[in-house]
Each structure stands twice: as structure tokens, then as C-alpha cells.
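One structure below.
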Amino acid sequence: MSTLISAELVDLDLSATTKEDATRALAERMAARGRVTDLDGFLADVAAREAQMPTGLEGGIGIPHCRSTHVTEPTLAFGRSADGVDFGASDGPADLIFLIAAPAGGDRDHLSILASLARELMREEFTTALREATDPGRAAALIARESAPAETPAEERAGATGGGATVADAGEVLAGRPAGDSDTAGATDPATPSTGPVSDTTPGADAAPGTASDADGIPAPPGEFPVREPVPAADRPFRVVAVTSCPTGIAHTYMAAESLEQAARADGIELAVETQGSAGFKRLDPAVVAAADAVILAHDVEVREKTRFAGKPVVDTGVKAAINRPAELIAEARARAERGERTSPLPTSGGDAGDGPPMSAGSGSGDHFGIRLRTWLMSGVSYMVPFVAAGGLLIALAFALGGYEITDAPSVIDQFTWTDTQSWAALMFQIGGAAFGFLIPVLAGYIAYGMADRPGLVPGFVGGAISITIDAGFLGGLVAGLVAGGVVLGIQRFKVPDVLRGIMPVVVIPLLSSAIVGFLMFVVIGQPIAAAQEGLTDWLSGLSGANAVLLGVVLGLMMCFDLGGPVNKVAYAFAIGGIAVSSPTEANLQIMAAVMAAGMVPPLGMALATVVRRRLFTRAERENGKAAWVLGASFITEGAIPFAAADPLRVIPSSMAGGAVAGALAMAFGNTLRAPHGGIFVVPLIGNPFLYLLAIAAGTAVTATLVILLKGTRGAQQAERAVETEAVPAP
């Protein structure tokens with residue numbers, strides 16, 4: 001097994017005076033050992049990473065690092081400078097310089113070792129031992145954690161071999177096991193941060209509060225709080241969840257996590273950290289997030305699935321702030337919680353399921369296949385919805401300005417007049433059409449992304465584009481995404497030589513997966529799916545009378561069942577799939593109208609109920625009712641979630657009844673809608689707009705009446721007591 005670091009990669013007398021010279025000196029050692037194939041190319045990648053954010057850390061540490069196609073295997077070089085080199089740290093130059101080089105396709109296990117090293121840098125005894133080391137071999141062993149500093153017990157130094165530490169041995173020791181120990185039963189993912197040191201004593205003995213071993217509870221697995229008997233919030237430690245991430249996900253991500261954990265232990269805080277790094281990331285358990293009192297997001301790239309933390313006090317900052325001043329961030333999180341600050345519990349737009357890949361949110365690898373399938377499909381739909389909203393609203397505006405005949409307008413490239421309304425209408429229609437052209441590729445691409453992460457994007461997009469070519473439509477996009485994700489997962493199961501690992505994610509996987517998916521879509525499954533899509537379209541076009549009304553009822557129930565959740569999204573995706581074609585049928589347009597009408601009803605119904613019978617609602621619910629007017633009018637079904645969360649057995653059935661009425665009436669009235677979003681603001685574009693408003697009003701009245709009756713018969717006394725407690729005069 002090749003070594004991660006050896007004595008030849010250590011320079012204890014680094015004479016460089018600039019960070020460029022220091023990086024080059026260490027990189028030359030890597031190149032001499034065949035770890036770097038193109039020295040100048042690698043240094044350019046290091047410089048590009050340095051330009052994103054300085055890599056100097058307080059305490060005299062410089063940690064330049066990057067992932068590069070010019071690196072053959074994960075490698076670490078160390079230099080110690082007597083005079084120091086400026087890497088941009090606020091407290092001065094660095095005397096300990098670590099150059100971390102990872103292949104562009106560095107596998108998860110190797111990158112986990114580098115992540116563990118980054119955590120070691122936050123330990124004072126580790127850096128002190130490096131400053132006192134007199135032999136390069138000793139320094140290499142310290143870095144690899146084969147042999148520990150003198151004060152470390154001898155039993156923790158098992159496995160030392162001397163000159164160079166192998167990747168396997170370093171990984172064993174850094175994961176908390178002696179080198180060479182092959183018993184990995186029950187071992188955690190090396191990418192998962194540790195919440196505290198492993199103790200040889202009874203769990204809880206002498207452990208700091210908030211660590212993995214707590215005297216008041218069962219030892220907590222990484223990323224979880226200790227298991228306790230239910231206790232009031234005032235009688236338990238303050239709980240924080242954190243997410244750390246940096247541009248390359250190799251060093252700062254894990255150093256920030258370690259720094260926060262140390263500060264939390266010192267302050268008696270219970271902390272669970274999710275590191276979104278190159279070694280992958282294990283999502284915080286939803287129960288852990290729900291139990292947290294506050295959230296810290298320390299990141300320099302977008303946090304994945306940020307909507308998990310909606311409704312919590314959030315401290316949002318850069319990753320270096322977590323490294324340099326973790327105690328301040330924890331104190332700020334506590335202060336925000338005490339002040340009652342909360343982020344919005346609602347998405348910023350209807351239909352947006354999140355701002356990161358929702359592929360496994362709320363579900364683990366052991367979940368039932370049906371649950372994982374749902375999350376994969378939701379991943380594709382959530383990324384598709386913004387294209388739907390942008391393209392659909394532009395097309396709707398084009399129809400409003402230029403009429404439906406604008407579909408026959410010539411290309412604005414050939415004919416555009418600045419003062420002509422028709423030209424502007426044609427421009428909006430053609431831009432909207434271009435946005436709609438991405439719907440099926442984006443759907444397929446991000447379904448594959450939900451299954452296989454970034455390697456699934458290319459074959460997913462290719463499969464989605466082929467689905468358009470062969471007229472397989474929305475169904476083709478769904479199948480193409482699932483096939484692409486499955487193909488990539490299958491390819492990743494094959495073990496490849498080390499020399500090919502660097503090109504797997506950028507050449508081999510995209511090439512093979514796209515070829516396989518393309519073959520299947522063009523030759524094997526594409527035509528049957530296209531035939532099924534055509535049959536479904538013909539069936540919808542033939543719906544009329546009672547059948548259409550029944551479909552409206554079903555769609556209305558689905559839109560209101562989970563108020564923006566998976567069932568709601570299935571109905572919504574069904575509707576937009578019908579209008580996202582070049583020539584949608586009358587039935588497709590009616591389905592879209594029915595879906596939007598039903599989706600507007602729950603928040604409008606709750607808002608009306610808070611006005612009609614104030615005494616049945618708490619002060620917080622009445623405040624939410626004011627916002628629900630706007631949310632409902634904007635077709636944001638999630639506006640009813642605060643009411644459903646407080647009283648689901650009364651709110652959800654009432655919402656479903658009102659949604660079913662609105663959907664049925666919209667279909668019965670023959671309302672049509674070409675815009676996939678917009679709520680009340682696109683009513684002028686709706687066929688029979690006055691009857692459409694009547695359908696929405698009827699559904700709203702049904703929902704409000706039912707929820708008032710249900711709350712009045714079984715919950716009026718509790719609600720009135722809540723009002724009296726708040727000292728709010730009754731009307």
C-alpha cells in the first residue's frame with residue numbers, strides 16, 4: 001500500500017519566504033516521488049484554491065490544498081519554517097505548513113484520512129510535538145498518527161512502523177483503532193465527525209458534557225445527541241447542530257467541525273456536526289435537528305438541504321469563523337435562541353422543495369425502496385420547478401401581451417422592433433419556451449443526481465434530452481433519470497486500478513453511463529414509453545363531464561393531503577408535465593387550473609377561519625393567518641403548515657375537503673390555465689376567470705367552515721384558555 005506521507009515528504013528546515021515558494025518546494029518533493037505528474041499545472045490548481053480564500057490559520061498553521069488532475073494519489077507534504085511564511089492568517093505567518101494534494105477523483109476513504117488530519121491540527125499537543133520534532137521520519141509518523149506524542153499512552157501507539165505511514169495504517173489509527181486492526185465491526189463512517197474522544201473507562205466517567213459519552217445518558221453515535229429520558233428544556237444542556245463546508249471540502253471543513261466541538265465541550269453544550277466535505281457527508285438525523293435549540297452554518301459553499309433548519313435560530317457565517325472563534329458563534333446561537341429569533345418555516349416559493357439535493361433527506365440507506373424512490377423523484381421535481389415557474393410565467397405574460405397567436409410569431413433573431421408590443425410578447429414566449437426545453441432534462445438529471453450524486457448528472461441530462469427527441473415526454477424523463485442513476489451506481493461498484501481513479505468521475509463514468517443510457521433510451525425502452533405517454537395524453541384529452549370532475553376531486557385531495565409534501569408534488573408534477581409540451585390540449589390546461597385552485601385553498605381557508613372565529617386560534621396562529629392570505633393568493637400551499645403542525649387531525653381533513661371542492665368545480669367550469677404558477681396574479685390569463693374565482697372561494701369557505709366546526713366541537717375550550725393566557729381581549 002502506498003504511503004500518504006514519508007520522511008522524503010518532510011522538510012524541517014524550509015527556507016522559503018513566500019507562500020508561492022513554500023508551496024513549490026513541498027510540491028517538488030511530491031513530484032520527485034511521482035505523486036504529481038505536472039508540477040506547474042498542480043501549482044496552478046493550488047494557486048486557484050488559494051485565490052478563493054487564504055489558507056492560513058491562527059496558531060501559525062498554513063494548509064494550502066487542492067484537488068487536481070495532476071495528482072496520482074492522496075499525498076501530504078510538511079514543511080517547518082523558522083522565519084514563518086505568510087498564508088493570510090490574522091495573527092501572522094505560519095511556521096507549520098502542510099501541503100495536501102488529492103486527485104480530482106479522490107475516493108472517499110483516502111479523503112477521509114486527510115479530513116482526520118485536519119482535525120488533528122486543532123489539537124495543541126499535536127502541533128507542539130511537530131514544532132519539537134528533530135527527525136523527518138518522526139514528524140512523518142506524528143502526522144500519520146502512527147506514533148503519538150510522548151504523553152500519549154503506549155497502547156495508543158500500536159502499529160508504528162518507522163519511516164513511512166501507509167494509508168491503511170493511518171486510516172486505522174485516525175479512525176480511533178490501532179494500525180493493522182482488522183476488526184471493523186460497528187465502525188463508523190470515517191467521514192463522520194467524532195463528537196468526542198474514545199474513552200477506555202465506563203461510559204460517562206470523566207467525560208465532558210456534550211461529548212459522545214455523557215453521564216446522564218447513553219453514549220451518542222457520531223452526529224447525534226446523547227439519549228436521555230425526556231426532560232424540560234430548562235433542565236438539559238443547550239443543543240446545537242452545525243454544518244461545515246469549504247470550497248474543496250478537504251481541510252477547513254473538518255477543522256471547523258473540530259473547533260466547534262472543542263468549544264462546545266468546554267461550554268457544556270451538546271453539539272452534533274455535519275461535515276459536507278469531499279469524503280461525502282452523513283446527514284444529521286431529522287430527530288437530532290428537531291431537538292436542536294439553534295443551528296450554526298459555517299460554510300464558504302452552499303449548504304445542502306438548508307431548508308431542514310427552517311424555523312430554528314440560525315447563525316450563518318464563513319468556515320474560518322468557526323475555526324478562529326467557535327465560542328463566539330456558540331454564544332451568538334444561544335443569544336438568538338433566547339431572543340426567540342427564527343428563520344422562516346416556509347420555502348421562498350411554492351413548489352420549491354429545498355435548496356440542496358434532497359435525495360435522501362429524512363431517509364437513510366436502510367429505508368424501504370419506496371421511500372428512497374420517492375426522495376429520488378422529489379429531487380428531480382424540486383430542481384425542475386424553478387424552470388417551470390420562470391418559463392411558464394414568461395409564456396403566460398406573452399399570451400397576455402400578444403394573444404395566443406403569438407405562438408406563430410417569427411424568431412426575434414430575425415424580426416424584433418423595440419417599440420412593438422408583439423415583438424416583446426414574442427421575445428417572452430421564446431425565452432419561456434427555451435426555459436421549458438430544460439424541464440425534462442433537468443428532471444431526469446436531478447433524479448439521477450439524487451441516486452448517484454454528481455456522477456449521475458451527465459447521463460441523466462443526456463437521457464432527458466433523448467426523451468424529448470423521441471417524444472417520450474414527462475414519463476420518459478422519469479424513467480431516464482432512474483435508469484441513469486442505476487447505471488452510475490452499477491459502474492461505481494467495479495474496482496479499478498489506482499491509475500484510473502483520477503479520471504473516473506470526469507471521463508470514464510460520464511462516457512460509459514451516457515453511452516449505456518443513450519442506447520437504452522433510443523433502442524430498448526424509449527419507444528414503449530413514448531407510446532404510453534401518447535396514450536395518457538389521448539386519455540386526458542377525452543375526459544369530460546363526470547370523469548373530469550372526478551379527476552378534479554382526486555387532484556384536489558392530493559394537493560391538500562400533505563400541504564407541499566411528496567403527494568402534493570406528484571399532483572403538481574402531473575399537471576406541469578401536461579402543459580410543458582409544444583401544444584398542450586384543453587384537458588391539460590384544465591388539469592393545471594384545477595391543481596392551482598386546490599393548492600390555494602388550505603392557506604386561504606385557514607386565514608378566513610382565523611378572522612371568523614378568532615377565539616379558536618392562539619395569537620401565534622392569528623398572526624400566521626395574516627400571512628396565509630398572501631401565501632394562499634400566491635399559490636403557496638405551505639402557508640397552511642403552521643396550522644396543520646399544531647392541529648393536524650382537524651386542519652388536514654378540512655383542507656382536503658376544500659381542495660376537492662375547488663378542484664372539482666374548476667374542472668366542471670372548464671377553467672384553463674397556461675401558467676404553472678402565480679395564483680391570483682395570473683387570473684386574467686385563466687379561461688372563465690370569474691367562475692375560477694368562485695371555485696376557489698367555494699373551496700376556501702368549505703375549509704374554513706369545517707375547521708371551525710371541528711375546533712368548535714372538540715377544541716374550543718382549549719383554544720379559549722390559550723387566548724386568555726395570552727391576555728388578548730376576545731372580539
Side-chain angles (χ1 to χ4, degrees), residues 3-103 114 117-118 120-122 124 126-144 163-165 246-248 250-252 255 320 323-324:
T3 57
L4 179 71
I5 185 171
S6 63
E8 291 80 5
L9 293 170
V10 174
D11 186 350
L12 297 181
D13 298 301
L14 189 63
S15 59
T17 57
T18 66
K19 63 182 180 181
E20 291 80 11
D21 290 342
T23 303
R24 176 174 287 275
L26 295 177
E28 287 174 348
R29 289 177 175 262
M30 294 181 176
R33 293 186 60 80
R35 306 298 186 87
V36 171
T37 57
D38 182 343
L39 180 62
D40 291 333
F42 170 67
L43 290 173
D45 291 337
V46 174
R49 168 62 187 88
E50 193 77 20
Q52 296 179 30
M53 183 178 69
T55 54
L57 306 175
E58 292 184 1
I61 296 172
I63 188 163
H65 57 276
C66 74
R67 284 182 290 177
S68 173
T69 57
H70 307 298
V71 176
T72 59
E73 57 187 291
T75 304
L76 223 169
F78 169 64
R80 190 175 65 191
S81 171
D83 299 325
V85 178
D86 184 10
F87 274 87
S90 59
D91 64 343
D95 63 323
L96 301 181
I97 302 165
F98 302 83
L99 177 60
I100 300 177
L114 302 180
L117 171 68
E120 289 297 305
L121 294 175
M122 304 310 298
E124 184 176 353
F126 176 67
T127 55
T128 299
L130 285 178
R131 288 188 171 98
E132 295 175 352
T134 58
D135 176 66
R138 167 69 172 168
L142 285 169
I143 293 170
C246 67
T248 55
I250 295 176
H252 291 79
M255 299 176 76
K320 291 193 73 173
I323 297 173
N324 297 331

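No hydrogens, no waters, no symmetry mates; every other heavy atom, side chains included, goes into these values. One-based numbering along the sequence shown.
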### Task
Using a strict cut-off of less than 4.0 Å between a Lys/Arg side-chain nitrogen and an Asp/Glu carboxylate oxygen, indicate whether Lys19 and Asp86 qualify as a salt bridge.
no
### Query
Are the charged groups of Arg80 and Asp11 less than 4.0 angstrom apart, N to O?
no
### Message
Rounded to the nearest 0.5 Å, what separates atom OG1 in Thr23 from atom CD in Glu28?
### Response
11.0 Å
### Message
Measuring only between side-chain heavy atoms, which start at C-beta, is Ile97 closer than 4.5 Å to Phe78?
### Response
no
### Query
Which pair of heavy atoms, one from Asp95 and one from Arg131, lies closest together, and at what distance?
OD2-NE, 2.8 Å
### Task
Kindly indicate whether the side chain of Pro103, heavy atoms from C-beta on, has any atom under 4.5 Å from the side chain of Ser68.
no
### Separation between CG of Asp45 and NE2 of His65, rounded to the nearest 0.5 Å
12.5 Å
### Query
Which heavy-atom pair separates Ala16 from Ser81 by the least distance, and what is that distance?
O-OG, 4.3 Å
### Task
Determine, for Glu8 against Arg33, whether the closest basic-nitrogen to carboxylate-oxygen distance falls under 4.0 angstrom.
yes
### Query
Closest approach of Val46 and Pro64, non-hydrogen atoms and distance?
CG1-CB, 4.2 Å
#### Entry: Closest non-hydrogen atom pair between Leu99 and Ala27, with its separation
CD2-N, 3.6 Å
### Task
Kindly indicate, with the supporting measurements, whether the criterion side-chain contact (heavy atoms from CB on, under 4.5 Å) is fulfilled by Leu9 and Leu76.
CA-CA 7 Å; Leu9 293 170; Leu76 223 169; over 6 Å; no
### Query
Can you name the closest pair of heavy atoms from Thr134 and Leu12 and give their distance?
C-CD1, 3.8 Å
### Message
Nearest 0.5 angstrom please: Ile5 CD1 to Leu142 CG, how far?
### Response
10.0 Å
### Task
Provide the closest heavy-atom pair for Ala140 versus Ser6 in the form atom of the first, atom of the second, distance.
CB-C, 3.7 Å
### Task
Enter the distance from Ile143:CD1 to Arg138:CZ here, rounded to the nearest 0.5 Å.
11.5 Å
### Approximate separation, where rounding is to 0.5 Å, of Thr37 OG1 and Met30 CE
12.5 Å
### Under 3.5 Å donor-acceptor, Thr72 side chain and Arg35 backbone
yes
### Message
Are Leu130 and Phe98 packed together at the side-chain level, in the sense that at least one heavy-atom pair is separated by less than 4.5 angstrom?
### Response
yes
### Message
With a 4.5 Å cut-off on side-chain heavy atoms, are Thr75 and Leu4 touching?
### Response
no
### Query
What distance separates His70 NE2 from Leu39 CG, expressed to the nearest 0.5 Å?
10.0 Å
